[in-house]
Asker: 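There's a structure below that I have some questions on.
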Protein chains: 2
Amino acid sequence: MARKTKAEAAATREALLNAAEEVFFEKGVARTSLEQIARHAGLTRGAVYWHFKNKADLFMALVERVRMPFESLVEEVNNADTDISPLEAIRLACHAGLNHLEQPSRQRILSILLHRCEFFSDINPIEMQEKFGEECLDGMLAVFQLAHDQGLLREGLSAELAARLMQSTLGGLFHDWLRTPEAFSIRERGGEMIDTLIYLMQR
Amino acid sequence: MARKTKAEAAATREALLNAAEEVFFEKGVARTSLEQIARHAGLTRGAVYWHFKNKADLFMALVERVRMPFESLVEEVNNADTDISPLEAIRLACHAGLNHLEQPSRQRILSILLHRCEFFSDINPIEMQEKFGEECLDGMLAVFQLAHDQGLLREGLSAELAARLMQSTLGGLFHDWLRTPEAFSIRERGGEMIDTLIYLMQR
DNA sequence: AGGTTTTTACATACAAAACTGTATGGTTGG
DNA sequence: CCAACCATACAGTTTTGTATGTAAAAACCT
């Protein structure tokens, strides 16, 4: 095989990742062989083993290629304006987080992570999900604490409970939507649910 | 091999299911071979292929061995007393549903279904999850509709939104808990969240 | 009830396919 | 000229499904 330029090599690497994303999404991680990925990209297993150590390495590269919505959600929460209500900050941040899911690539990779892969070799997707969930919770907890200290939350509703309620609701919504993305719009239904939940939490 | 009595044969079938449950839980469905299951039960693959058609058949038998919590939850909702408030009926039904999760076997199988298996051959766990979710939603929706018609819900909160909020919250809680069952008690935290959510939804 | 036959309930053996990792080869860019 | 970039070839393991063997339970017969 003729040697490619550095740009071409990078392109084949991207092509392999794209192929892996599609085949993983279609058939699940465990049921897809490296040869299927290579052939789907118009290449051979030699290219896969050159760019990646093995299947786990390829999978990790695929996951790290996108920023996770939970991370971006935390980011949005922390970067929110300080002159608006904490509850409004959380509301806007959640909406912004939902917008990130519009990209089909992120949707596919999240779906792979949540529904289409088991743990294998040294990769544990459950730990990843747990990490994202904790980040989401911690990010929101601080802001809910502000809201609580300002007396904005309804009586009997602690900051911890509010954060856990919001996180569980979002998590459940994510799972439902990723199971059947065509069933409803995550922005519409998710936005409605977030607004309602925030509204119910207000004093 | 000496032939066993019918009772003994049924016992070995149960032993195979128990072994499958443990090994699936430990290593995931895709990564466990039928020989690993057989050896874990002190048997050989011959026993597996006698009692089950293949891995998918074994998996289905394992899942069907337990009633799902969503099903029982719906059941509890429908069987609830009619002389109490609809919201109270939902609250009690959710608590009852949580109690079903105390059994380690149900917990393990649910964990396998949600976190430890991809689709394979003609088995699609995603469809199962979807089915349970829809049953849960439909069961609660009817009762929330009663609550709405009786003017019990807070203004601006429709029955559909209330049901979806409750379902997503429960679903997210389930996923979080099944990821790390030892992190917290599902009855305590789940009960607290359910009570709070119902409380917030009341007028 | 006792003897015979037929199934049952597995264990063992075998063939076939699939997948992995590596080793090797061949161009060509830098 | 060397190493990057990938294709091809090869050896090895793992898993699956089936085929065969077999001792005893169960059914049948008288």
Side-chain angles (χ1 to χ4, degrees), chain A residues 1-20 22-62 112 116-123, chain B residues 1-20 22-62 112 116-123:
Chain A
M1 186 63 187
R3 179 182 176 186
K4 308 292 182 61
T5 74
K6 279 192 288 185
E8 284 173 330
T12 64
R13 187 189 139 98
E14 287 296 307
L16 286 174
L17 287 173
N18 289 333
E22 293 182 19
V23 185
F24 281 165
F25 182 79
E26 286 177 22
K27 312 186 58 174
V29 175
R31 303 271 302 172
T32 70
S33 65
L34 294 182
E35 176 144 5
Q36 290 173 12
I37 295 174
R39 291 201 59 187
H40 195 269
L43 299 167
T44 67
R45 264 171 54 247
V48 175
Y49 276 102
W50 172 257
H51 285 283
F52 306 98
K53 186 182 175 186
N54 49 26
K55 199 192 207 177
D57 189 35
L58 172 59
F59 179 81
M60 287 303 297
L62 187 62
I112 292 169
R116 287 164 166 84
C117 74
E118 308 173 2
F119 34 35
F120 60 103
S121 67
D122 53 347
I123 302 299
Chain B
M1 186 61 186
R3 180 183 174 186
K4 308 292 182 61
T5 73
K6 279 191 288 185
E8 285 172 328
T12 63
R13 188 191 139 96
E14 287 297 306
L16 286 174
L17 287 173
N18 289 333
E22 292 182 18
V23 185
F24 281 165
F25 183 78
E26 286 177 23
K27 312 186 57 175
V29 175
R31 303 270 303 171
T32 70
S33 65
L34 294 181
E35 175 143 7
Q36 289 174 11
I37 294 174
R39 291 203 59 187
H40 195 267
L43 300 166
T44 68
R45 263 171 54 247
V48 176
Y49 276 102
W50 173 257
H51 286 282
F52 307 97
K53 186 181 174 187
N54 49 27
K55 199 192 206 176
D57 189 35
L58 172 58
F59 179 80
M60 286 303 297
L62 187 62
I112 291 170
R116 287 165 165 84
C117 74
E118 310 173 1
F119 35 34
F120 59 104
S121 65
D122 53 347
I123 302 300

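What you are looking at is a predicted structure, and each value in this text was computed from that prediction instead of being measured. Proteins get letters first, then strands, A, B, ... in listed order; numbering begins at 1 in each.
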Asker: Relative to the 5' end of DNA chain D, which residue comes earlier, K6(A) or E8(B), by the nucleotide with the nearest heavy atom?
Answerer: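 Nearest nucleotide further toward 5': that of K6(A).
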
Asker: Using the salt bridge (charged side-chain N to carboxylate O under 4.0 Å, His left out) criterion, which residues pair with E22(B)? Sequence neighbours excluded.
Answerer: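 By the salt bridge (charged side-chain N to carboxylate O under 4.0 Å, His left out) rule, E22(B) matches no residue at all.
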
Asker: Compare side-chain N and O positions of H51(B) against OP1 and OP2 of dA9(C) and report whether any pair is under 4.0 Å apart.
Answerer: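 Answer is no, no contact under 4.0 Å.
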
Asker: Please check this pair: side chain of K55(B) against backbone of V29(B), looking for a donor-acceptor N/O pair closer than 3.5 Å.
Answerer: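 Looks like yes, one N/O pair under 3.5 Å.
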
Asker: Does a side-chain N or O from W50(B) land closer than 4.0 Å to OP1 or OP2 of dA9(C), or not?
Answerer: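 Result: yes.
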
Asker: Can you name the residues that form a side-chain hydrogen bond (donor to acceptor under 3.5 Å, both in side chains) with E35(B), not counting sequence neighbours?
Answerer: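 side-chain hydrogen bond (donor to acceptor under 3.5 Å, both in side chains) list for E35(B), sorted by chain: empty.
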
Asker: Just how far, in rounded Å, is C1' of dA11(C) from CZ of R39(B)?
Answerer: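 In whole Å, dA11(C) C1' lies 14 Å from R39(B) CZ.
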
Asker: Does T12(B) put a side-chain nitrogen or oxygen below 4.0 Å from OP1 or OP2 of dC10(C)?
Answerer: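 Affirmative; the distance criterion is met.
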
Asker: Using salt bridge (charged side-chain N to carboxylate O under 4.0 Å, His left out) as the criterion, list what pairs up with E26(A), not counting sequence neighbours.
Answerer: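 Partners of E26(A) under the salt bridge (charged side-chain N to carboxylate O under 4.0 Å, His left out) test: none.
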
Asker: Report the distance from atom CZ of F52(B) to atom P of dA9(C), rounded to the nearest whole Å.
Answerer: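 Taking CZ of F52(B) and P of dA9(C), I get 13 Å after rounding.
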
Asker: Looking at residues at least two apart in the chain, or sitting in another chain, which of them share a side chain to side chain contact (heavy atoms under 4.5 Å, CB included) with A11(A)?
Answerer: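 Per chain and number, A11(A) pairs via side chain to side chain contact (heavy atoms under 4.5 Å, CB included) with no residue.
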
Asker: Check the distance between dG17(D)'s P and L58(B)'s CG and give it to me in whole angstrom.
Answerer: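 Rounded to whole Å, this separation is 12 Å.
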
Asker: Can you build the contact string for nucleotides 15-22 of chain C? Use B for base contact, S for sugar-phosphate-only contact, and - for no protein heavy atom under 4.0 Å.
Answerer: ----SBBB

Asker: For residues 42-49 of chain B, which side-chain donor-acceptor pairs fall under 3.5 Å, sequence neighbours excluded?
Answerer:
from   : atom 1 : to     : atom 2 : distance (Å)
T44(B) : OG1    : G46(B) : N      : 3.4

Asker: Which whole-number value in Å describes the distance from R13(B) CZ to dT8(C) C1'?
Answerer: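 After rounding, the reported distance stands at 16 Å.
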
